[in-house]
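So that the names make sense, note that chain A is the first sequence line, chain B the second, and so on, each numbered from 1.
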There are 2 protein chains.
Amino acid sequence: MKDDTAKTHTMRAVIQLRDKIMRGELHGGMRLFEVSVADQLEISRTPVREAMSRLTEEGLLERVRSGGFVVRTFSLADVTDAIELRGVLEGTAARLAAERGVPAHDMERLKGIVAKLDDCFGELPEDVDFEGYAELNARFHHELARLSGSEMVCREVERITRLPFASPSAFLPDEANIAAFRRSLQMAQEQHHTIAAAIEAREGFRAESTAREHARAARRNLDYVMSQDRSLIERVPALGLLAG
Amino acid sequence: MKDDTAKTHTMRAVIQLRDKIMRGELHGGMRLFEVSVADQLEISRTPVREAMSRLTEEGLLERVRSGGFVVRTFSLADVTDAIELRGVLEGTAARLAAERGVPAHDMERLKGIVAKLDDCFGELPEDVDFEGYAELNARFHHELARLSGSEMVCREVERITRLPFASPSAFLPDEANIAAFRRSLQMAQEQHHTIAAAIEAREGFRAESTAREHARAARRNLDYVMSQDRSLIERVPALGLLAG
DNA sequence: TGCTCACACAATGTATACATTGCCGATGCC
DNA sequence: GGCATCGGCAATGTATACATTGTGTGAGCA
């Protein structure tokens, strides 16, 4: 199944290296030598090189001036700033959507996603369909980027989103069964409504500032994990590549 | 001298391909085949592949699903949106600098650049040192990104700036001896002052919105070129890669 | 006539041998 | 003792042969 994208040695190398970086097995700043990686993955240098180049595009590796690659280092500040940047970019997407207007059927699709997100909340506060929420949330954010009507903006949103800890779903999957997080989910869903309404009403400023603040929910969750309950770090996969 | 960065076949290929793309010799959407490019540049496929991979990181090429590369297509809308995005990102840099505060000596350096920019304007309106302005302008924008204090923000600003038509100096070099453009230079310099002052006064909103508007000066110049005097297109090198 | 299958060619994917470079350590000279 | 220079090794750079894949075209069949 997953071999759909892993037909070639290059893609397998991309996947394996990405995994190792994410789980912190290859820590930030570590130099990756073509030969040793090739030995370890039991393929030749050529696809390894190709894979490292792709991971550089993805932002997980960096080229060294004199040649070769190192694993990119991410500090806590980088995570915070990446989330802020996602907010800024999604805010821009929302503003442009509002200012330029969106076709009716696209608007309906967005509102449809928001409505389905409502259905993820049951009668009781602790009665939340996390899995469904996560998937619909991802779709909402994807759709929001598209609604900007700008391929350029869409591309940059998806680019920053590809950093695992900056993704809209980074802090969702599993640890949300804490009261504080449940409340933040409710609030986030309120913001989904607001963003959609602002776009429909052509209120650019409101759309932008709400989308920006919406991203900062992730930052609040990050702060909570780091300062209140560091045991959660391991349960947020994306935080495996944090320096330190 | 320029061979500093062109020691290897790979780097020479990067430079030559980039040039050809910029001057429109390789137009958007055109597929680049490893073998034919290798033949043309008289090197083997390996460095060609490496070069194309780097140009993909740079945003000038795109990978094709089934393998291979095409020259990225840039529409007029893409140029407009890239400029808007630069404004958004530089605005974020300015806001963060204001909100988080900057060290005194960094502030002085920024103000020093602004002062030197003042010196580029002579007594007479048409008495402007374009070359000096362009260089100092580039330094101002570079410094602004740094002042954000965020490596992440700095990196993304420099990334979007690498798109030739989105660079702060894209519309400066040469065609500025038109009255309308001279006025826009004066206004831009006013904005430089305002941005610096806002950062120093910790006025985040003002810093952000001014930096954003500042970028839109480039958009105005673009609109002028496209609607009033298309003969200038050829004199703005970055516009060579616009889709026909 | 239209569809499908198969074959061939063209293009990328991969391995590997060889070239080049740049760094580090050892040895010698000052 | 410190510095400079000269190996030598390790790592990347390059070329090329061969493998694999994907695509287009033609023929054959329904």
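In this structure, NZ of A:Lys7 is placed 7 Å from P of D:dG22, rounded to the nearest angstrom. Residue B:Met52 contributes atom CE, which lies 12 Å from atom P of C:dA11 at whole-angstrom precision. Straight-line distance from the CE atom of A:Met11 to the P atom of C:dT14: 10 Å, rounded to whole Å.
In this structure B:Arg162 satisfies the side chain to side chain donor-acceptor pair (under 3.5 Å) test with no other residue, sequence neighbours excluded. Looking at residues two or more places apart in sequence or on another chain, you find no side chain to side chain donor-acceptor pair (under 3.5 Å) involving A:Glu151. The ring pair (Phe, Tyr, Trp, His ring centres under 6.0 Å) search around B:Phe165 returns B:Phe74, not counting sequence neighbours.
A:Thr10 comes within 4.0 angstrom of the backbone, heavy atoms only, and of no base.
Looking at residues 40-50 of chain B, you'll see B:Ile43, B:Ser44, B:Arg45, B:Thr46, B:Pro47 sit with a heavy atom under 4.0 Å from some atom of DNA chain D. Within residues 25-36 of chain B, no residue places a heavy atom under 4.0 Å from DNA chain D.
By the 4.0 Å N-to-carboxylate-O rule, A:Arg100 lies close enough to B:Asp81 to be salt-bridged with it. A salt bridge does not link A:Lys116 with A:Asp119: none of the charged nitrogens is closer than 4.0 Å to a carboxylate oxygen.
Of the residues near DNA chain C, B:Ser66 and A:Arg65, the one whose nearest nucleotide (by heavy atom distance) lies more toward the 5' end is B:Ser66.
Side-chain nitrogen and oxygen atoms of A:His9 include none within less than 4.0 Å of the OP1 or OP2 phosphate oxygen of D:dT20.
With contacts defined as side-chain heavy-atom distances shorter than 4.5 Å, the pair A:Leu61/A:Val71 qualifies.
The side-chain hydrogen bond (donor to acceptor under 3.5 Å, both in side chains) test with A:Glu90 is passed by exactly one of A:Arg212, A:Arg95, A:His214, A:His141: A:His141.
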Mind listing the side-chain donor-acceptor pairs of residues 35-47 of chain B below 3.5 Å, one per line with the distance, residues two or more places apart or on another chain?
from	atom 1	to	atom 2	distance (Å)
B:Ser36	OG	B:Phe33	O	3.1
B:Arg45	NE	B:Glu34	OE1	2.9
B:Arg45	NH2	B:Glu34	OE1	3.0

